[in-house]
Amino acid sequence: MDESWVNSAERIGADLHLELSGPGGRRAALIRALREAVRDGRLTPGTRLPAYRSLAADLGVARNTVADAYAELVAEGWLTARQGSGTRVAERAKPLRPAVEARRRASPRARGPRHDLRQGTPDASAFPRAEWLTSYRRALQQAPNEVFGPGDPAGRVELREALTEYLARARGVRTEPGRIVVCSGFAHALRLLFGQGGGGALSGPLAVEAYGLGFHRELLDTAEVRTVPLPLDERGARTDLLGRERAVLLTPAHQFPTGGPLDPARRAAVVGWARARGAVILEDDYDGEFRYDRKPVGAVQGLDPERVIYLGSVSKSLSPALRLGWMVLPERYVDGVLAAKGEREAWASVPDQLALADFLSRGSYDRHVRRMRQRYRARRDRLVAALATHAPHVRVTGVAAGLHAVLGLPPGTERSTVKAAAWQGVALDGLAEFRHPATDMAAHDGLVVGYATPSEHAYGAAVEALCGILPPDDGPPDDAPGSTRTGT
Ligand SMILES: Cc1ncc(COP(=O)(O)O)c(C=O)c1O
């Protein structure tokens with residue numbers, strides 16, 4: 001065995017922090033403190049305790065006090081004492097933490113469903129490990145030492161430059177590195193913009209699409225931002241109904257979750273509204289790269305960079321685990337957002353930022369997105385074909401782009417279908433999950449089916465299971481909100 005390891009293991013006890021307090025004298029206090037340390041996992045099974053003499057010196061107690069305490073805990077089964085191997089924490093003295101961890105791992109959420117058709121995650125098995133590693137290695141090799149000190153809250157300039165080029169080319173975003181602030185994703189961007197209980201660069205009321213991600217609404221609620229739902233129709237959000245709100249949050253390239261793009265006339269109109277009212281548009285471009293059989297829809301930001309805050313992240317394109325995102329800001333918001341971030345980068349790992357900069361500037365990001373676009377398009381086609389064969393009465397919409405589809409269901413069947421799905425080990429969400437509680441637009445029954453989450457080998461079985469839980473043909477299908485009959 002490595003000698004240095006033995007030594008450090010032997011020394012572990014010397015650094016053990018024990019508070020001797022409470023009734024019953026030093027011996028009782030030491031017994032309590034050691035028992036507590038084992039119970040809460042600070043002393044793990046097998047750990048060798050310090051010799052009597054050294055712990056006694058550390059704690060300022062008599063050697064016999066330590067010897068008595070150890071003997072008591074050996075008798076109780078917390079410790080073991082063997083000739084030649086000293087006193088150790090007993091193997092069967094299970095600390096609390098592993099028990100909690102075991103419980104957490106055993107929970108249904110941690111175990112995950114048999115077939116995961118929830119929207120929200122890309123195919124984790126397709127993360128480009130080798131290319132990311134190459135970029136990471138290159139980034140570390142070339143990084144100046146300052147990279148390993150406190151980070152600039154704006155983000156590394158290398159990343160902001162690479163994003164400026166990429167977003168202009170791929171998404172029609174007009175900006176320069178000085179207006180980009182790196183963050184840890186869209187949710188973080190919302191927190192930075194609205195602050196907690198006020199104090200952010202923006203304040204409400206904020207118009208939002210009547211269907212959207214509940215998590216984002218909760219986050220805004222926590223920040224005490226009142227959200228006003230905008231109804232949707234087949235042309236996207238009813239931006240013509242915008243009134244006195246200070247800002248609007250939209251998913252113009254691919255309405256989340258119903259799936260269509262915002263109508264071109266409405267894109268122009270919403271910019272007109274923002275100019276006229278001195279308001280701002282928050283553009284959530286969460287999966288703009290993934291479009292299949294329609295022309296790319298560029299960012300609304302390109303229409304007026306001073307009226308739009310453009311928000312993006314790698315959560316759909318690479319992985320939500322990286323926690324890397326960006327805000328492209330009108331000039332007047334840059335200082336406020338940087339102030340909200342604080343003096344040092346506290347969110348987005350700087351080496352990761354450099355790796356992403358390399359990944360973008362060497363074309364690896366483009367290659368990965370193209371590869372994934374093909375993969376997701378094939379999955380989308382497979383889903384649509386399976387439904388056409390096994391459930392032709394189910395209308396599929398929102399499939400021209402993105403990583404999920406919406407399946408219209410007969411009225412009144414959504415809740416029971418989601419339950420039946422869960423029963424069969426198929427995880428997916430009903431449309432109601434995404435509905436703003438205050439909207440009065442007509443509700444439609446439907447399922448939001450994410451087709452990116454399963455790995456390639458698990459996908460076929462997931463689609464088969466999905467077809468098995470859909471309600472039978474029972475009259476005309478219900479249209480999903482914002483859907484069109486052409487399946488945009
Ligand atoms: C509607 C929507 N916006 C934004 C995001 C990205 O969120 P984040 O960057 O916080 O992971 C997601 C999820 O990936 C989403 O579904």
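Remember, it's 1-based here, ligands and their atoms both numbered in the order they're listed.
Using a 4.0 Å cut-off between a side-chain N of Lys or Arg and a carboxylate O of Asp or Glu, Glu283 and Arg171 do not qualify as a salt bridge. With respect to Glu456 and Arg379, a salt bridge is recorded, a charged nitrogen being found less than 4.0 Å from a carboxylate O. A salt bridge links Arg118 to Asp116: one of the charged nitrogens lies within less than 4.0 Å of a carboxylate oxygen. For Asp240 and Arg235, the salt-bridge test fails: no basic side-chain N is under 4.0 Å from an acidic carboxylate O. Taking the charged nitrogens against the carboxylate oxygens, Glu306 and Arg179 do have a contact shorter than 4.0 Å, which makes a salt bridge.
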One line per pair, note the atom names and distance for all nitrogen or oxygen contacts under 3.5 Å between ligand 1 and the protein.
from	atom 1	to	atom 2	distance (Å)
ligand 1	3 (N)	Asp284	OD1	3.3
ligand 1	3 (N)	Asp284	OD2	2.6
ligand 1	9 (O)	Phe186	N	2.7
ligand 1	9 (O)	Ser313	OG	2.7
ligand 1	9 (O)	Ser315	OG	3.3
ligand 1	10 (O)	Phe186	N	3.2
ligand 1	10 (O)	Ala187	N	3.0
ligand 1	10 (O)	Arg323	NH2	3.0
ligand 1	11 (O)	Ser315	OG	2.6
ligand 1	11 (O)	Arg323	NH1	3.0
ligand 1	11 (O)	Arg323	NH2	3.4

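Within the structure, the side chain to side chain donor-acceptor pair (under 3.5 Å) test picks out the following pairs touching residues 138-151 (sequence neighbours left out): Arg138-Asp358, Glu146-Arg156.
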